[in-house]
Amino acid sequence: MCGKTSQVLLCAVIAYLCDAHGDIIEGIIGRAVLLPCFSTTPCNWTTAEKGDLKVDIPHSKAHWPTNSSNDDFSIVLQGINSNFSAVYFCLSETKQEVCKISLNAIEQPVSNPTIKALDWDSNGIVLNVSCESAQGSLPITYSLFKNSTFIKRSHQDLPAAVVFQITHHEEEAMEDVLKCKAINSLDIPKYSSFLQISNASKTRKEVKSTEKSPSDVKKLPLIVCILTVLIIIIVGGITAYYASWKYCKCGE
């Protein structure tokens, strides 16, 4: 009997909490969070503290496909921080509650970053390398290592990759190994896999040396013409000399 009574009380408490706070959503600090709301009744979003959506909170209308006959009144809050933690309401014109969401802005450790080689410059010396953690509260600090030696650091406040520029000269090792480290305010560093790059500058220059530039292509017909004229003059001179020599010999 006591067991059943405890279960009933627990269910009652859970139901009360869910009704008091609505749907509970956790948002990662520095990133965007979706507040979903589908209803046949139009509504506008407000917060419990201010009575209306704060003007300084960046947000946009969410549009995502649904098979429901309800209209989509979801919004996306951009770049949230701890001040975004609140209860949000979507109210109709008559101030009736249509949707209610309790948002908790939390810190999240970074995930292992992904490192990618993007492209070389036209001379094959400078390489662009990107590094990004798909998860983790912002800002994130990225550090780049070459052959286990720290070379560069960059801070990222946006949910996007950072791009490092690496100079790789011919006289350096034929191959380098790059690695990226990511860390945020929780101070739990995560590392990427290794990225091996080859000495592309030497390869590119060798390829360039075998290619003909447009100016070389234009000079080629001119050289051929000059050689042709010279050959005609030489052949004509030899022919004339032979003819005159033969005539003189016959006259004797």
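Since the model is a prediction, treat every value here as computed from it, not as a measurement.
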Return yes if some donor-acceptor pair links the side-chain N/O of [X] with the main-chain N/O of [Y] below 3.5 Å, else return no.
X    : Y    : answer
W45  : F73  : yes
K190 : P109 : no
S133 : S111 : yes
R31  : L158 : no
S74  : C37  : yes
N147 : T149 : no
S85  : A105 : yes
N184 : L186 : yes

Measure the [atom1]-[atom2] distance between [X] and [Y] for me, rounded to the nearest 0.5 Å.
X    : Y    : atom1 : atom2 : value
S137 : E107 : OG    : CD    : 4.0 Å
I29  : N104 : CD1   : CG    : 10.5 Å
S102 : F89  : OG    : CZ    : 9.0 Å
N128 : F164 : CG    : CZ    : 11.5 Å
C43  : Q96  : SG    : CD    : 12.0 Å
S192 : Y142 : OG    : OH    : 11.0 Å

Audit row: C99, C90, disulfide (SG to SG under 2.5 Å) steps and yes/no:
CA-CA 5 Å; C99 294; C90 199; 5.5 Å; no
Should I28 and I101 be counted in the same cluster of Ile, Leu, Val, Met, Phe, Trp and Tyr side chains packed under 4.5 Å apart?
no
Are V98 and L35 connected in a single hydrophobic cluster, I mean Ile/Leu/Val/Met/Phe/Trp/Tyr linked by side-chain heavy atoms less than 4.5 Å apart?
no
Residue list, side chain to side chain contact (heavy atoms under 4.5 Å, CB included) with I151, at least two apart or on another chain:
L144, K146, I166
More than 12 heavy atoms of other groups within 6.0 Å of N44 CG:
no
Both conditions, 6.0 Å and 45 degrees, for the charged tip of K100 above the ring of Y88: are they met here?
no
If you look at every heavy atom in [X] and [Y], which pair is closest and at what distance?
X    : Y    : result
A32  : Q78  : CB-OE1, 3.6 Å
P159 : L138 : N-CD1, 3.5 Å
T41  : S92  : CG2-CB, 3.8 Å

Checking side-chain contact (heavy atoms from CB on, under 4.5 Å) for the pair L118/V129: CA distance, chi angles, key distance, verdict?
CA-CA 6 Å; L118 301 179; V129 177; over 6 Å; no
Can you find a heavy atom in the side chain of I140 that is under 4.5 Å from one in the side chain of I183?
no
Indicate yes or no: at least one non-hydrogen side-chain atom of L77 is less than 4.5 angstrom from one of F84.
yes
Start with the C-alpha distance between D121 and L127, add both sets of side-chain angles, then the distance that settles side-chain contact (heavy atoms from CB on, under 4.5 Å), and finish with yes or no.
CA-CA 7 Å; D121 69 345; L127 173 65; over 6 Å; no
Would I188 and V110 satisfy side-chain contact (heavy atoms from CB on, under 4.5 Å), going step by step from the backbone distance to the final call?
CA-CA 7 Å; I188 304 175; V110 296; 6.0 Å; no
Among Q156, K181, R153, which residue meets the side-chain contact (heavy atoms from CB on, under 4.5 Å) test with T141?
R153
Classify the angle between the aromatic ring planes of F145 and F150 as parallel (below 30°), tilted (30 to 60°) or perpendicular (above 60°).
perpendicular
Tell me, with the steps shown, if I234 and I231 meet side-chain contact (heavy atoms from CB on, under 4.5 Å).
CA-CA 5 Å; I234 293 172; I231 292 173; 5.8 Å; no
